[in-house]
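Taking it in order: structure first as structure tokens, then the write-up.
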Number of protein chains: 2
Amino acid sequence: MDKQTVTIYDVAREAAVSMATVSRVVNGNPNVKPATRQKVLDVIDQLDYRPNAVARGLASKKTTTIGVIIPDLTNSYFSELARGIDDVAMMYKYNIILTSSDENHDKEMQVIDNLSAKQVDGIIFMGNQITDELRTAFDRTHAPIVLAGSVDPKHQVPTVNIDYVAAVTEAVSNLINRGNKRIAFVTGSMDESINRDYRLKGYKQALSEARIGFDDGLVFQTDYSYKAGYKLAKALQDVKATAAFVGDDELAAGVLNGLTDAGIRVPEDFEVITSNDTRFTEMTRPRMSSITQPLYDIGAVSMRLLTKLMNNESINEQTVVLPYGLKKRTSTK
Amino acid sequence: MDKQTVTIYDVAREAAVSMATVSRVVNGNPNVKPATRQKVLDVIDQLDYRPNAVARGLASKKTTTIGVIIPDLTNSYFSELARGIDDVAMMYKYNIILTSSDENHDKEMQVIDNLSAKQVDGIIFMGNQITDELRTAFDRTHAPIVLAGSVDPKHQVPTVNIDYVAAVTEAVSNLINRGNKRIAFVTGSMDESINRDYRLKGYKQALSEARIGFDDGLVFQTDYSYKAGYKLAKALQDVKATAAFVGDDELAAGVLNGLTDAGIRVPEDFEVITSNDTRFTEMTRPRMSSITQPLYDIGAVSMRLLTKLMNNESINEQTVVLPYGLKKRTSTK
DNA sequence: ATGAAAGCGCTAACAA
DNA sequence: TTGTTAGCGCTTTCAT
């Protein structure tokens, strides 16, 4: 039933050489006489031989496959990172097993074991709650791991990201400088350390630098979704906020449109600044001011770092922090 | 250096049974005495044994991995499909090797061979130019293939999609019914058969039903990008169009905003209708009217169909056509 | 420069 | 119900 598959053995026989020699030419080993190489190449061509990567993986203990764990494929922030990862993975001839975790801890655990069973050579993990359990899972995996666009408060796992604290501080200070005193802090769950330990810290820092008291009531935890943001309009008015820092662009788009649809003028009556500078920022009206970050590069650099780890190359820095910026568009004055 | 790996052999030895028995319990084969099973399970637990999927793949000729070829990860249309694929793949215990093709034919070819070499059990292909070369590549692959949200004019490859001709006809008729006579047709390259053979056909059909002549000048081929759409504003005015059918939501968002920024009121002076009903449609102002399609389901059903193909189950229909609809929002009158 | 042969870790007949 | 034994297709010493 199977399309008859031609193996290295067939090639060896036809070319009247040993399997070892065929293997050598396939793998570009220089220790082959040019004439032999050519003969083998011809037979390969003629037989349309294609090496079986699974067999190769078993024998060599390298699969040239890496695992990528992504919380949500449809979130631009992550898919932009993924594009960076994908590009350099391809450059280095790695395939990607892409698995969604849905930001679900059990699934993350399961997925790691699963990737491990598939003998991936490395793993790129996106997700913002590096629990101890997760660390354990990381540890018992033979494959090196790097965190992309995520954060490890304990600085144990190699990571590529930006300085979230500084970025948020700057964004919020920017809002403060224009006279805003009641600035809402809108983002995902505080269970995520990127929110709890980084963004919130930046927010508080900006407040304290301006000697503005912190008000719990201005902190909104919600889903990273347009809808969730849209629904926040009323609450935002109720707490008399005049501006908001938002941790996700789709969420911010929801906030923006919710406000607008409720008759609040942005930016005249309410300023909005968001975090990820994805394509959404250009699509809304007004267009959203944002922290800018090199999304593609974060992915690309993560993957590059992973290749080094997989080759046991020496690493200068476990954590690489890429530059961020601030882009003023029209959702702020 | 390697974390010492425990194999099925170790388990067999410790449990004082044969490898075959261990293999049986790992694979849930019922032909094992409960007591034996328990003993083996205990040892597995104690040794923390994890089956090597690569070895398994080599021996069984099944990798429980499928390949997914996607033109652009960051395009919502495709990432929504991917989510559907991913969910049911996970449900059926398949992993996904995700590869971007960048709508590049050579890359598509290469990627198929690559997936083939990795012995994937099946492939889901998204892309809209099924060339003969591609068909050849499909054929020489041992794995079954299904097209998701794409189109095979020759109806040779199993496919899940909607009736694009009917959907576009309806959308354009809708525009016509409101008095529009000069309706622009804005979409990607006419090299893609979904544009050339399906969407355009629907467009022409709607025109002809209304006895409106076809005008070449109203057809715009461009990238599927916001920017490309944004730049079209002037050209759209130059040809005196009063409405546009657009084949992609980001592209449509660009058209919409470009028009608005050029001082044209949508929908009063110009109506826009788009094709994919992704989340972008809700984010723009005005919100975009659109053809609706069950994006997630297209992905999910594709994957389900693929599982059947992989199990050699009999298939009722090679091509499954899911229902579409029309959603009026505020970019049309 | 080339070949022989022993695995890699597992599944799947086939026997018992 | 359980064990024995070939492989699966390739890489990789170790000889030559």
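For the numbers below, each heavy atom of this structure counts, side chains included, while hydrogens, waters and symmetry mates do not. Naming: A, B, ... by sequence-line order, numbering from 1 per chain.
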Mind checking A/S23 for me? I need base, sugar-phosphate or nothing, with any heavy atom below 4.0 Å counting as a touch.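 Base, at least one base heavy atom under 4.0 Å.
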
With a non-hydrogen cut-off below 4.0 angstrom, is B/V17 in contact with a base, only sugar-phosphate, or nothing?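 Sugar-phosphate, backbone atoms only, no base.
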
State whether B/N27 places a side-chain N or O below 4.0 Å from either non-bridging phosphate oxygen (OP1 or OP2) of C/dT11.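 Result: yes.
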
Evaluate the side chain to side chain donor-acceptor pair (under 3.5 Å) criterion for residues B/Y296 and B/D87: first the C-alpha distance (whole Å), next the side-chain angles of each, then the deciding distance (0.1 Å), finally the verdict. CA-CA 9 Å; B/Y296 178 92; B/D87 271 8; 2.5 Å; yes

Side chains of A/T65 and B/K118, donor plus acceptor under 3.5 Å: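 A/T65 vs B/K118: donor-acceptor pair found between side chains.
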
Distance-only side-chain donor-acceptor flag, A/Q38 / A/D42, under 3.5 Å: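 On atom types as modelled, these side chains qualify, holding a pair under 3.5 Å.
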
Grab the [atom1]-[atom2] distance between [X] and [N] for me, whole Å please.
X     : N      : atom1 : atom2 : answer
B/R13 : C/dG9  : CZ    : C1'   : 14 Å
B/K62 : C/dC10 : NZ    : P     : 19 Å
B/Y9  : C/dT11 : OH    : P     : 17 Å
A/L58 : C/dA6  : CG    : C1'   : 13 Å
B/N29 : C/dT11 : CG    : P     : 11 Å
A/K39 : C/dA1  : NZ    : C1'   : 12 Å
B/I8  : C/dT11 : CD1   : C1'   : 8 Å
B/M19 : C/dG9  : CE    : C1'   : 7 Å

Side chain of B/R24 only, heavy atoms from C-beta on: which candidate in C/dA13, C/dA1, C/dG3 is closest?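 Of C/dA13, C/dA1, C/dG3, C/dA13 is nearest to the side chain of B/R24.
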
When you get a sec, tell me which of C/dG7, C/dT2, C/dC10 is the closest nucleotide to the side chain of A/S18?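 My answer, after comparing the listed nucleotides, is C/dT2.
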
Residue closer to the 5' end of DNA chain C, A/P34 versus B/N52 (nearest nucleotide):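 Residue closer to the 5' terminus by nearest nucleotide: A/P34.
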
Positional range of nucleotides in DNA chain D within the contact set of chain B, heavy-atom, under 4.0 Å: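 Under 4.0 Å from chain B, the extent on DNA chain D is D/dT1 to D/dG9.
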
Show your reasoning for whether side chain to side chain donor-acceptor pair (under 3.5 Å) applies to B/Y224 and B/E192. CA-CA 12 Å; B/Y224 291 122; B/E192 298 188 5; 3.0 Å; yes

Are B/S23 and B/N27 close enough, and set up right, to give a side chain to side chain donor-acceptor pair (under 3.5 Å), and what steps lead you there? CA-CA 6 Å; B/S23 177; B/N27 291 298; 3.3 Å; yes

For B/D86, side chain to side chain contact (heavy atoms under 4.5 Å, CB included) partners two or more places apart: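 Here the qualifying residues are A/S100, B/I96.
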
Reported CZ-to-OG distance for the pair A/R13 and A/S18, which is rounded to 0.5 angstrom: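 The OG atom of A/S18 is 14.0 Å from CZ of A/R13, to the nearest 0.5 Å.
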
Among B/V120, B/I112, B/L115, the one residue meeting side-chain contact (heavy atoms from CB on, under 4.5 Å) with B/T141: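 For B/T141, the side-chain contact (heavy atoms from CB on, under 4.5 Å) test succeeds with only one of B/V120, B/I112, B/L115, which is B/I112.
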
I want to confirm an ordering. Mapping B/A20 and A/R56 to their closest nucleotides on DNA chain D, which one lands closer to the 5' end?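 The 5'-side residue here is B/A20.
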
Just by distance, do the side chain of B/N161 and the backbone of B/S150 share a donor-acceptor pair under 3.5 Å?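 Yes.
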
Taking the six-membered ring where the residue is Trp, are the ring centres of A/F138 and A/F125 under 6.0 Å apart?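 A/F138 vs A/F125: aromatic centres under 6.0 Å.
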
Within residues 116-123 of chain B, find the residues that approach DNA chain C with a heavy atom at under 4.0 Å, and present them sorted by residue number.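 None, since no heavy atom is under 4.0 Å.
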
